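Owing to the predicted nature of the structure, the values given are computational and were not obtained by experimental measurement.
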Amino acid sequence: MAAASGRLLTAAAGFSGRPGWSRLRRIPAIPLVPSRSATATRSGAILPKPVKTPFGLLRVFSVVIPFLYVGTQISKNFAALLEEHDIFVPEDDDDDD
């Protein structure tokens, strides 16, 4: 139990922001987004193609179109509110000379 708590203390000290604790052990940062930068193995073999997500464009459009519509409605209602309270009233320019 004491060995486990010692390892826990050492790991916690690596994450501590104190300047004195940083000498104990540096823990490398783990990337949050997995990426694939290698295209070949050490032996020279080419890696297989990555898995393709089916219906990629359909998923994109099924998210983009509703949120564009909702954003448009919010903007339209806010512009009407500004005009109603005389905060912003567009000028009517008649250039029919």
Side-chain angles (χ1 to χ4, degrees):
M1 183 69 180
S5 63
R7 283 183 291 197
L8 181 61
L9 180 62
T10 305
F15 289 109
S16 176
R18 296 182 182 175
W21 291 85
S22 63
R23 292 187 303 260
L24 291 177
R25 187 171 153 196
R26 283 282 180 185
I27 299 174
I30 299 172
L32 296 177
V33 179
S35 65
R36 181 175 167 169
S37 60
T39 57
T41 62
R42 288 185 182 198
S43 64
I46 298 174
L47 293 174
K49 288 185 177 182
V51 178
K52 184 178 178 184
T53 306
F55 304 110
L57 284 177
L58 181 63
R59 288 181 184 176
V60 168
F61 287 131
S62 66
V63 170
V64 169
I65 291 174
F67 281 101
L68 275 176
Y69 179 73
V70 169
T72 304
Q73 293 302 315
I74 291 171
S75 298
K76 186 176 81 171
N77 290 338
F78 191 68
L81 179 80
L82 290 175
E83 190 173 348
E84 179 181 335
H85 292 286
D86 292 330
I87 297 172
F88 176 76
V89 179
E91 295 179 10
D92 293 331
D93 290 336
D94 292 329
D95 293 333
D96 297 331
D97 295 331

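- Ile65 and Val70 fall into different hydrophobic clusters, defined by Ile, Leu, Val, Met, Phe, Trp and Tyr side-chain heavy atoms under 4.5 Å apart, directly or through other members.
- Taken together through direct or relayed side-chain contacts under 4.5 Å among Ile, Leu, Val, Met, Phe, Trp and Tyr, Phe55 and Phe61 form parts of separate hydrophobic clusters.
- To the nearest 0.5 Å, the span separating CG on Asn77 from CD on Glu84 amounts to 11.0 Å.
- With hydrophobic clusters built from ILVMFWY side chains whose heavy atoms lie under 4.5 angstrom apart, Ile74 does not share a cluster with Leu81.
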Criterion side chain to side chain contact (heavy atoms under 4.5 Å, CB included) on Thr39 and Ile46, from CA distance to verdict
CA-CA 6 Å; Thr39 57; Ile46 298 174; 5.8 Å; no
